[in-house]
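In what follows, a structure is listed as structure tokens, so that the remarks can point back to it.
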Protein chains: 2
Amino acid sequence: MELSFVEENYLKAIYQLELENPSGVSTTALAEKTKTKPASVSDMLKKLAQKELIFYKKYQGAKLSKSGLQAALLVIRKHRLWEVFLVKHLSFAWDEVHEVAEQLEHIKSNLLIKRLDQFLGYPKEDPHGDPIPNENGEIIEIPKILLSDFTTGKKAQISAVKESSPLFLQYLDKIKAGIGSNIIIQERIAFDNSLEILLDDRTLYISEEVAKNIYVTED
Amino acid sequence: MELSFVEENYLKAIYQLELENPSGVSTTALAEKTKTKPASVSDMLKKLAQKELIFYKKYQGAKLSKSGLQAALLVIRKHRLWEVFLVKHLSFAWDEVHEVAEQLEHIKSNLLIKRLDQFLGYPKEDPHGDPIPNENGEIIEIPKILLSDFTTGKKAQISAVKESSPLFLQYLDKIKAGIGSNIIIQERIAFDNSLEILLDDRTLYISEEVAKNIYVTED
DNA sequence: ATATTTTTTTAGACAAGCCTAAAACTTAAA
DNA sequence: TTTAAGTTTTAGGCTTGTCTAAAAAAATAT
């Protein structure tokens with residue numbers, strides 16, 4: 001089935017919200033993510049359910065069906081492959097890629113994506129540390145721990161970022177934090193939940209908000 | 001001004017038809033090119049004129065304005081740069097690129113197109129021999145002579161193709177005719193206007209239809 | 001258990017682009 | 001020059017996806 005640009009965006013949004021809330025995605029959350037109003041979302045959920053891309057009962061939120069998940073992961077695959085291309089070959093900074101990849105992800109051509117994957121050397125992760133689904137829509141979601149939830153004193157590495165807005169990524173560049181950087185929480189400041197961290201042997205302080213948008217894996 | 005996908009396609013179509021008929025583009029021709037109906041074209045011409053992208057008087061056909069021309073050439077620039085990318089780096093065959101480039105040409109990002117151009121080494125022509133407009137929308141339309149109109153006996157080279165449908169391009173591949181191939185018309189067959197040609201030292205016969213879709217430049 | 005607040009859905013409109021059918025205009029032919 | 005044929009435009013409708021305002025349902029608080 002041929003999906004529209006808009007339908008693809010909804011499926012992708014549902015996928016992302018479902019990761020954080022596996023019990024079902026609310027209309028409001030979806031409206032926020034897709035930058036529309038709840039009423040518009042209601043309409044669209046009805047249509048997606050009609051096409052059997054999601055499970056949806058009125059007032060009960062939405063969940064992706066098998067085919068909906070497949071479609072969502074294919075869009076995400078394309079998005080992330082394009083991000084790799086932009087960063088590795090067109091020297092985009094990691095904070096510049098998102099907007100363009102949002103457009104490129106909707107290009108319809110199996111051959112294109114196959115050849116792009118080959119050209120890039122079958123990358124496993126995008127520039128933000130997120131895994132790239134394979135051509136069958138299989139993805140290995142690496143268990144991600146938010147830095148804000150991580151144990152004080154343990155060695156870890158930055159494995160991905162949650163936010164990918166330019167402002168946040170530029171801040172990370174500024175403090176020289178990137179995918180793979182070594183990190184240890186040295187102390188939690190009870191007052192505002194900010195953290196004193198050791199980042200590649202430099203001591204610095206980051207806010208709770210920042211810590212909530214960095215994923216780490218234990219060393 | 002931000003143009004829609006559809007508007008960009010109309011402007012591109014008008015540009016292409018205007019090349020062949022500089023006195024103005026008819027509604028019917030445009031409908032054919034954009035695969036819509038004349039009534040839809042009438043509507044759209046009104047809107048494009050409103051936005052001052054074209055000059056348009058009822059029943060008098062359309063012509064691109066300065067800004068319309070600029071927009072059309074930017075779309076064509078993007079189309080042709082993407083074609084080069086697909087052929088040179090993703091090993092697409094020249095008959096496979098068109099459909100994908102039709103989508104890629106609408107991606108909106110100045111940075112992207114700038115970086116792509118750089119990545120490709122500032123190419124001057126696309127894989128079909130057509131010139132690529134520069135970033136200011138300037139294009140050098142090389143004087144093209146149709147093979148069907150060319151002098152018998154004179155040496156020439158294939159410089160571009162008019163048609164770029166897969167079937168036609170595959171036929172050219174089959175007879176090993178490509179951009180740059182040497183060609184001489186040996187004899188015109190009066191019966192059906194077919195041609196006996198010498199193509200890179202091989203003698204063969206091609207139909208008038210084929211000869212009408214190959215551009216040559218005198219040696 | 002009831003009342004209030006919040007969330008979600010429905011109803012009715014709107015814009016972009018497309019269509020068909022009919023009317024208006026232009027061009028070509030008689 | 002009048003008629004016929006062809007082209008273009010208008011009128012009215014349809015679809016997709018959006019919106020606001022109002023109604024309905026669910027969640028929360030009293």
Side-chain angles (χ1 to χ4, degrees), chain A residues 1-14 17-18 20-64 68 71-72 75 102-103 105-106 108, chain B residues 1-14 17-18 20-64 68 71-72 75 102-103 105-106 108:
Chain A
M1 188 195 356
E2 187 85 334
L3 298 181
S4 75
F5 193 105
V6 172
E7 289 168 326
E8 288 188 340
N9 277 339
Y10 272 93
L11 293 176
K12 190 179 52 148
I14 296 170
L17 292 171
E18 222 180 316
E20 294 172 20
N21 194 342
S23 68
V25 176
S26 80
T27 304
T28 329
L30 211 39
E32 220 168 277
K33 191 107 181 172
T34 58
K35 288 171 185 158
T36 61
K37 297 289 141 92
S40 312
V41 172
S42 265
D43 279 356
M44 183 55 75
L45 291 182
K46 226 178 296 171
K47 289 178 199 163
L48 293 175
Q50 169 80 42
K51 294 189 177 186
E52 301 189 310
L53 293 160
I54 61 170
F55 301 114
Y56 169 61
K57 285 260 164 61
K58 277 189 205 175
Y59 298 101
Q60 308 272 119
K63 280 189 185 186
L64 291 176
V75 174
E102 288 285 307
Q103 298 178 63
E105 72 189 5
H106 300 292
K108 278 161 186 64
Chain B
M1 191 194 352
E2 187 84 339
L3 297 182
S4 75
F5 191 104
V6 172
E7 290 170 323
E8 288 189 340
N9 278 339
Y10 273 93
L11 293 177
K12 188 179 53 149
I14 295 170
L17 292 170
E18 222 180 314
E20 294 172 18
N21 194 340
S23 67
V25 176
S26 81
T27 304
T28 327
L30 211 39
E32 221 167 277
K33 191 107 182 172
T34 57
K35 288 172 186 155
T36 61
K37 296 291 142 90
S40 311
V41 171
S42 265
D43 278 358
M44 183 55 76
L45 291 182
K46 226 177 298 171
K47 289 178 199 163
L48 294 175
Q50 169 80 43
K51 295 188 176 186
E52 300 190 310
L53 294 159
I54 61 171
F55 300 114
Y56 169 61
K57 284 261 164 64
K58 278 187 200 174
Y59 298 100
Q60 309 272 118
K63 280 188 184 186
L64 291 175
V75 174
E102 289 286 307
Q103 298 178 62
E105 72 189 6
H106 301 292
K108 278 161 186 62

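Just so it is clear, the values below take in all heavy atoms, side chains as well, and ignore hydrogens, waters and symmetry mates. So that the names make sense, note that chain A is the first sequence line, chain B the second, and so on, each numbered from 1.
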For [X] and [N], give me the distance from atom [atom1] to atom [atom2], rounded to whole Å.
| X | N | atom1 | atom2 | value |
| --- | --- | --- | --- | --- |
| B:Gln60 | D:dT7 | CD | P | 16 Å |
| A:Met44 | D:dT16 | CE | C1' | 8 Å |
| B:Leu45 | D:dT7 | CG | P | 16 Å |
| B:Asp43 | D:dT15 | CG | C1' | 15 Å |
| A:Leu48 | C:dT9 | CG | C1' | 16 Å |
| A:Lys57 | C:dT9 | NZ | C1' | 16 Å |
| B:Asn9 | C:dA16 | CG | C1' | 15 Å |
| A:Lys46 | D:dT15 | NZ | P | 16 Å |

Contact class for [X] (heavy atom, under 4.0 Å): base, sugar-phosphate, or nothing?
| X | answer |
| --- | --- |
| B:Phe5 | nothing |
| A:Thr27 | sugar-phosphate |
| B:Ser42 | base |

Can a side chain N or O of [X] be found less than 4.0 Å away from OP1 or OP2 on [N]?
| X | N | answer |
| --- | --- | --- |
| B:Ser4 | C:dG17 | yes |
| B:Ser40 | C:dG17 | no |
| A:Lys58 | D:dA24 | no |
| A:Tyr10 | D:dT16 | no |
| B:Tyr59 | C:dA23 | no |

Do you know which two heavy atoms are closest between A:Ala71 and A:Leu11, and how far apart they sit?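 Scanning both residues, the minimum pair turns out to be CB-CD1, 3.8 Å.
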How far apart are the C-alpha atoms of B:Val41 and B:Tyr10, what are their side-chain angles, what is the distance that settles it, and do they pass the side chain to side chain contact (heavy atoms under 4.5 Å, CB included) test? CA-CA 9 Å; B:Val41 171; B:Tyr10 273 93; 4.1 Å; yes
List in chain and number order the residues that pass salt bridge (charged side-chain N to carboxylate O under 4.0 Å, His left out) with B:Lys47, two or more places apart in sequence or in another chain; answer none if no residue qualifies.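 Salt bridge (charged side-chain N to carboxylate O under 4.0 Å, His left out) list for B:Lys47, sorted by chain: empty.
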Got a donor-acceptor contact below 3.5 angstrom from the B:Glu8 side chain to the B:Val75 backbone?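 No, the answer is negative, given that no donor and acceptor are paired below the 3.5 Å cut-off.
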Verify, without hydrogens or angle tests, whether A:Glu7 (side chain) and A:Ser4 (backbone) share a donor-acceptor contact under 3.5 angstrom. yes
Only counting residues at least two apart or in another chain, list the ones meeting ring pair (Phe, Tyr, Trp, His ring centres under 6.0 Å) with A:Phe5. A:His106
May I ask you to list the residues of residues 30-38 of chain A, by number, that have any heavy atom positioned under 4.0 Å from an atom of DNA chain C?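 Within residues 30-38 of chain A, the residues near DNA chain C are A:Pro38.
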Can we say B:Lys108 and B:Glu2 salt-bridge, meaning some charged N sits less than 4.0 Å from an Asp/Glu carboxylate O? no
Of the nucleotides C:dG17, D:dT20, D:dA11, which one has an atom closest to the side chain of A:Ala39?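 Minimum distance to the A:Ala39 side chain belongs to D:dT20.
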